[in-house]
Amino acid sequence: MTETIKTDVLIVGAGPIGLFAVFELGLLDMKAHLVDILDKIGGQCAELYPEKPIYDVPAVPYITGQGLVDELMKQIKPFGPTFHLNEMIESIERIGDPLFRVTTDRGKIFEVKVVVIAAGGGSFQPKRPPIPQIEDHEGKSVFYAVRRMEDFRDKRLLIVGGGDSALDWTLNLQPIAKNLSLLHRRDAFRAAPDSVNKMKALVADAKMDLLLGQVSGLAEGSDGLEATIKRDDGSVITVSCDAMLPFFGLTMKLGPVSKWGLDLHNDELILVDTEKFETNVPGIFAVGDINWYPGKLKLILSGFHEVALMAQKAHRYVYPDKRLVFQYTTSSTSLQKKLGVA
Ligand SMILES: Cc1cc2nc3c(=O)[nH]c(=O)nc-3n(C[C@H](O)[C@H](O)[C@H](O)COP(=O)(O)OP(=O)(O)OC[C@H]3O[C@@H](n4cnc5c(N)ncnc54)[C@H](O)[C@@H]3O)c2cc1C
């Protein structure tokens, strides 16, 4: 049986706002676990624009998306948050006053006094390539993510795409695959030049194939998945493989958040108040891009403000008998001790 993880706060989403929530909760002695669907920490900053500069984080004139995530990770280190990556929060059930049972798609169960939803634009979903009936093969021989590399050991793989994910997985899976082909519609790649060079070196050494063209049809045949490929010279070939992995980028969908019984704005954002950033369910908060209130701006700095106020109210649920005294980090020895600097 799965053991239930008991902690003070569960944060749904490890984007910049979920990360800073750990800091504000930590200053007030609340422990947090974070769950994220992605295989990495940092939400949109790490997934969508790791190398792009951000110019409007207060007192930081310039920082890249990944740089901001790295700095937040340093800032929250004293509070030792636990991360559960590659997992999606599926359900939140109220079992006490307040006490919640939260379940992931992998069957992990949390029992927490407070839930902080920092789920951004919702869940990142892979973009489906325009191949007729591709959905019939999804989860059987077509996969949009590599959850466990071992699943692809000694398999014949067809990777489709020309961006960083396609190239990174080509390089990571090539050593363990039985054989691997990369298919891209043209001989120009959006991925990092270093990855492209490494891939071309493998092709030159006959360790993998590079095909130029597009998949026009898929069928389950006697020899596995058969992909019909229209090559850029007009010819048509069929490639048999055990698994096809298309990497066409990600879009964001609200996902399971919409089924948690929370009041929504325009069916897509969680309605909160501007005093505590709490939802209509006491003990469940929503911060960052996922929430809505009059005047909301989807900016990182707005989310940072929201988590500070959220933590004040969360403290009342976690420590109902303790009085909260407002303190500055500059002058409070007690806060500095928690930060490991006094
Ligand atoms: C190209 C680009 C440039 C930008 N530039 C700026 C800028 O210059 N300045 C600025 O202030 N803002 C900028 N933004 C916006 C900024 O990135 C967002 O405001 C910020 O990322 C919001 O943080 P968040 O933590 O609320 O959400 P996100 O960063 O979206 O993180 C949410 C996380 O929650 C996870 N998640 C969702 N649902 C679930 C679930 N059910 N279970 C588990 N995990 C879940 C997601 O996988 C994701 O990792 C930019 C955005 C983009 C796309």
Side-chain angles (χ1 to χ4, degrees), residues 10-24 32-69 71-73 76 81-93 100 102-110 112 115-126 144-145 147 249-262 264 268-270 272 277 284-293 296-308 310:
L10 182 89
I11 302 175
V12 184
I17 310 311
L19 295 179
F20 197 59
V22 172
F23 184 83
E24 291 293 334
H33 282 233
L34 300 94
V35 177
D36 203 298
I37 304 166
L38 297 177
D39 59 0
K40 59 160 104 61
I41 292 164
Q44 296 174 45
C45 300
E47 184 66 33
L48 299 182
Y49 59 102
E51 292 178 356
K52 275 202 181 142
I54 307 172
Y55 299 105
D56 57 352
V57 176
V60 183
Y62 165 98
I63 192 159
T64 61
Q66 187 58 49
L68 180 73
V69 174
E71 291 302 311
L72 284 166
M73 286 300 283
I76 65 176
T82 309
F83 290 92
H84 306 262
L85 300 179
N86 274 321
E87 285 193 61
M88 178 165 80
I89 296 297
E90 266 194 349
S91 66
I92 303 178
E93 188 192 343
F100 300 94
V102 185
T103 316
T104 75
D105 59 343
R106 291 213 188 164
K108 213 174 262 176
I109 299 167
F110 296 87
V112 293
V115 178
V116 176
I117 304 173
S123 42
F124 287 95
Q125 311 253 337
Y144 297 106
R147 290 252 167 138
L250 300 164
T251 53
M252 285 195 276
K253 296 226 171 83
L254 189 56
V257 174
S258 61
K259 299 186 198 107
W260 296 340
L262 304 171
L264 299 179
E268 56 182 20
L269 295 166
I270 302 172
V272 290
F277 301 94
I284 303 186
F285 298 81
V287 289
D289 277 13
I290 193 79
N291 76 10
W292 188 87
Y293 49 85
K296 166 76 183 184
L297 287 179
K298 286 189 184 183
L299 283 175
I300 294 164
L301 69 87
S302 316
F304 286 172
H305 159 79
E306 292 161 15
V307 293
M310 170 279 292

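All ligand and atom numbering here is 1-based and tracks the order in the structure. Just the heavy atoms: all of them, side chains too, but no hydrogens, waters or symmetry mates, feed the values below. Everything quoted here is computed from the prediction, not taken from an experiment.
- Counting only distance, with no hydrogens or angles, the side chain of Ser123 and the backbone of Lys253 share a donor-acceptor pair below 3.5 Å.
- Interface atoms of ligand 1 facing Met88, defined by a heavy-atom separation under 4.0 Å, are 40 (C), 41 (N), 42 (N), 43 (C).
- In this structure, of Ala119, Cys45, Ser91, Ala46, the residue bringing a heavy atom nearest to atom 38 (N) of ligand 1 is Ala119.
- Comparing Asp289, Leu301, Ile300 by heavy-atom distance to atom 11 (O) of ligand 1, the nearest is Ile300.
- In this structure, Ile37 has a heavy atom closer than 4.0 Å to ligand 1.
- Scanning the protein for heavy atoms near atom 9 (N) of ligand 1, the closest one is Asp56 OD1, 2.8 Å.
- Comparing Ala286, Gly13, Gly65, Ala118 by heavy-atom distance to atom 32 (C) of ligand 1, the nearest is Ala118.
- Considering every non-hydrogen atom in both Ala118 and Ile11, the closest pair reads CB-CG2, 4.2 Å.
- Taking every heavy atom of both residues into account, Pro16 and Phe304 meet most closely at O-CE2, 3.8 Å.
- When Gly255, Pro16, Gly288 are ranked by how near their heavy atoms come to atom 23 (O) of ligand 1, first place goes to Pro16.
- Distances between N or O atoms of Val12 and those of ligand 1 include no value under 3.5 Å.
- Smallest separation of non-hydrogen atoms from Leu262 and Ile117: CD1-CD1, 3.5 Å.
- In this structure, the protein non-hydrogen atom closest to atom 15 (C) of ligand 1 is Tyr49 OH, 4.0 Å.
- Close approach of ligand 1 to Lys298 (heavy-atom distance below 4.0 Å) involves ligand atoms 19 (O).
- Taking the side-chain contact (heavy atoms from CB on, under 4.5 Å) definition, one finds that Thr82 meets it with His33, His84, sequence neighbours left out.
- Using modelled atom types, no side-chain atom of Asn291 and backbone atom of Val272 make a donor-acceptor pair closer than 3.5 Å.
- On a distance-only criterion, Gly42 and ligand 1 share no N/O pair closer than 3.5 Å.
- Of all protein heavy atoms, the one closest to atom 25 (O) of ligand 1 is Ile17 N, 3.1 Å.
- A heavy-atom separation below 4.0 Å is found between Gly122 and ligand 1.
- Protein heavy atom nearest atom 27 (O) of ligand 1, with residue, atom name and distance: Gly120 CA, 3.1 Å.
- Looking only at heavy atoms of the protein, atom 47 (O) of ligand 1 is closest to Asp36 OD1, 2.7 Å.
- Separation of atoms CG (Asp289) and CD (Glu306) is listed at 9.0 Å; rounding is to 0.5 Å.
- For atom 41 (N) of ligand 1, the nearest non-hydrogen atom of the protein is Ile89 O, 3.2 Å.
- Lys296 places a side-chain N or O within donor-acceptor distance of the main-chain N or O of Gly288, the cut-off being under 3.5 Å.
- Considering Leu48, Asp39, Ile63, Ile54 only, the shortest heavy-atom separation from atom 8 (O) of ligand 1 involves Ile54.
- Among the candidates Asp105, Asn86, Val12, Ile89, the single residue satisfying the side-chain contact (heavy atoms from CB on, under 4.5 Å) test with Val35 is Ile89.
- Met73 and Leu19 get closest at one heavy-atom pair: SD-CD2, 4.0 Å.
- Counting only non-hydrogen atoms, the option in Lys52, Gln125, Gln44, Glu87 that gets closest to atom 28 (P) of ligand 1 is Gln44.
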With a 3.5 Å cut-off and sequence neighbours excluded, list the donor-acceptor pairs that the side chains of residues 45-57 form with protein atoms.
residue : atom : partner : partner atom : Å
Glu47   : OE1  : Lys40   : NZ           : 2.8

